[in-house]
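Structure, as structure tokens:
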2 protein chains.
Amino acid sequence: MDQAQARQWLATAVEEARRGLAEGGIPIGAALYGADGTLLGRGRNLRVQNGDPSMHAETAAFRNAGRQRSYRGTTMVTTLSPCWYCSGLVRQFGISRVVVGESETFHGGHDWLASHGVEIVQLNDVRCARMMADFIAAKPELWGEDIGA
Amino acid sequence: MDQAQARQWLATAVEEARRGLAEGGIPIGAALYGADGTLLGRGRNLRVQNGDPSMHAETAAFRNAGRQRSYRGTTMVTTLSPCWYCSGLVRQFGISRVVVGESETFHGGHDWLASHGVEIVQLNDVRCARMMADFIAAKPELWGEDIGA
């Protein structure tokens with residue numbers, strides 16, 4: 001896909017991540033875009049804010065998009081490489097593409113998704129990597145809890 | 001693990017599935033048990049009831065268990081073989097064991113989980129299989145939506 005478009009969509013996910021950080025939460029954001037470029041849903045990690053371990057950024061964006069009959073052609077944009085939980089979501093529902101802000105601080109399941117036909121767009125965004133690196137350094141226990149490590 | 005214990009735990013998941021069916025929902029239930037046998041959380045698919053596509057039975061049980069520092073030794077009990085989304089959850093959080101009510105009507109990611117060291121207990125429960133087969137026959141479109149097919 002067009003890199004300028006991918007970076008524009010990433011800005012939505014970054015906004016969510018920053019909102020999460022401001023709330024004292026884990027700074028990971030995501031957004032689900034439709035095949036026609038419509039924003040279907042956006043969300044952020046809500047472990048701290050709602051005491052809800054099931055709301056990773058991607059699952060929150062997916063949830064906020066509501067019920068959809070098909071995910072063909074949709075794009076999940078996330079500030080961080082998706083963990084197995086969120087990679088499983090992408091594979092199960094046939095989300096066509098994942099835009100990854102960065103995969104430097106955490107290497108999730110994006111290779112696995114690529115091997116199953118999902119288009120992966122890596123942006124290696126420095127802001128995203130810095131935000132996560134700072135968070136992990138500040139709250140390593142919370143980060144470990146969020147990824148079951 | 002002890003089969004009688006597994007069947008006793010499955011009864012909790014079946015209760016959830018039946019509650020979901022009575023609500024007009026998708027009849028899949030789950031429960032997360034701690035290493036010491038404590039029930040940590042139970043839940044059911046809530047796509048129809050809450051208009052929430054992110055709440056599969058396993059993710060609902062996981063959510064209802066609240067924040068946990070570790071899932072070592074825990075068991076996810078589910079009436080149906082876990083889809084990729086729910087299999088990813090189990091792998092990411094290091095849930096040690098999955099008790100599968102049945103995998104006849106849907107074959108999810110339990111083999112993948114086994115290959116990654118998760119203990120899989122298959123119960124081949126006839127009630128579970130009948131409940132899903134009846135549901136799939138009655139509402140094939142809804143079932144397709146729930147698994148992105």
Side-chain angles (χ1 to χ4, degrees), chain A residues 25-26 30 32 40-41 43 45-72 74 76 81-96 106 108-110 112-113 116 118 141-149, chain B residues 25-26 30 32 40-41 43 45-72 74 76 81-96 106 108-110 112-113 116 118 141-149:
Chain A
I26 297 170
L32 184 67
L40 300 175
N45 187 299
L46 293 169
R47 174 176 294 271
V48 173
Q49 297 93 317
N50 293 3
D52 184 352
S54 76
M55 285 296 110
H56 273 194
E58 297 90 330
T59 54
F62 177 81
R63 178 187 213 179
N64 290 334
R67 290 174 60 177
Q68 303 278 339
R69 188 55 193 88
S70 168
Y71 293 86
R72 186 186 300 259
T74 61
M76 179 66 81
S81 173
C83 78
W84 287 116
Y85 175 40
C86 298
S87 295
L89 176 88
V90 168
R91 180 169 176 191
Q92 185 64 47
F93 290 98
I95 292 170
S96 298
F106 177 76
H110 59 266
W112 180 70
L113 288 174
H116 288 287
V118 178
E141 273 293 307
L142 179 56
W143 174 232
E145 181 189 317
D146 197 55
I147 51 168
Chain B
I26 298 170
L32 183 67
L40 300 175
N45 187 299
L46 294 170
R47 174 175 294 271
V48 173
Q49 298 93 316
N50 293 2
D52 184 351
S54 76
M55 284 295 112
H56 273 194
E58 296 90 331
T59 53
F62 177 81
R63 177 187 214 180
N64 290 334
R67 289 174 61 177
Q68 302 278 340
R69 188 55 193 88
S70 167
Y71 293 87
R72 186 187 300 260
T74 62
M76 180 65 82
S81 174
C83 78
W84 287 117
Y85 174 40
C86 298
S87 295
L89 175 88
V90 168
R91 180 169 176 191
Q92 186 63 48
F93 290 97
I95 291 170
S96 299
F106 177 75
H110 60 266
W112 180 69
L113 288 174
H116 287 287
V118 178
E141 274 293 309
L142 179 57
W143 174 231
E145 181 189 317
D146 197 55
I147 51 169

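Just so it is clear: chains get the letters A, B, ... in the order the sequence lines come, proteins before strands, and each one is counted from 1. Note that these values count all heavy atoms, side chains included, but never hydrogens, waters or copies made by symmetry.
Proximity to chain B is absent for every atom of A/N50, based on heavy atoms less than 4.5 angstrom apart. Both the backbone and the side chain of A/T59 come within contact range of chain B, judged by heavy atoms closer than 4.5 Å. Interface remark: B/Q68 contributes backbone atoms only to the contact with chain A (heavy atom separation under 4.5 Å). Contacts of B/D146 with chain A are made by backbone atoms alone, with heavy-atom separations under 4.5 Å and no side-chain atom involved. When heavy atoms are compared at a cutoff of 4.5 Å, A/A65 does not approach chain B at all.
For B/W143, the ring pair (Phe, Tyr, Trp, His ring centres under 6.0 Å) partners at least two apart in sequence or on another chain are B/F106.
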Open item on the list: Set out, in order, the CA-CA distance, both residues' side-chain angles and the distance that settles side-chain contact (heavy atoms from CB on, under 4.5 Å) for B/S54 and B/Y85, then state yes or no.
Closed with: CA-CA 9 Å; B/S54 76; B/Y85 174 40; 3.7 Å; yes

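The salt bridge (Lys or Arg N to Asp or Glu O under 4.0 Å) analysis of residues 55-65 of chain A, with sequence neighbours excluded, yields the pairs A/R63-B/D52.
Ranked by non-hydrogen atom pairs under 4.5 Å with chain B, the options A/M55, A/R67, A/R72 are led by A/R67. With chain B as the partner, the residue from A/S70, A/G51, A/G94 showing the most heavy-atom pairs under 4.5 Å is A/G51. Between chain A and the residues B/C86, B/A60, B/G88, the largest count of heavy-atom pairs under 4.5 Å involves B/G88.
A/H116 and B/W84 have tilted rings, their planes meeting at an angle from 30° to 60° on a 0 to 90° scale. Under the 30°/60° scheme for interplanar angles, the aromatic rings of B/F93 and B/F62 are found to be tilted.
Rounding to the nearest 0.5 Å gives a distance of 11.5 Å between CD of B/Q92 and OH of B/Y71.
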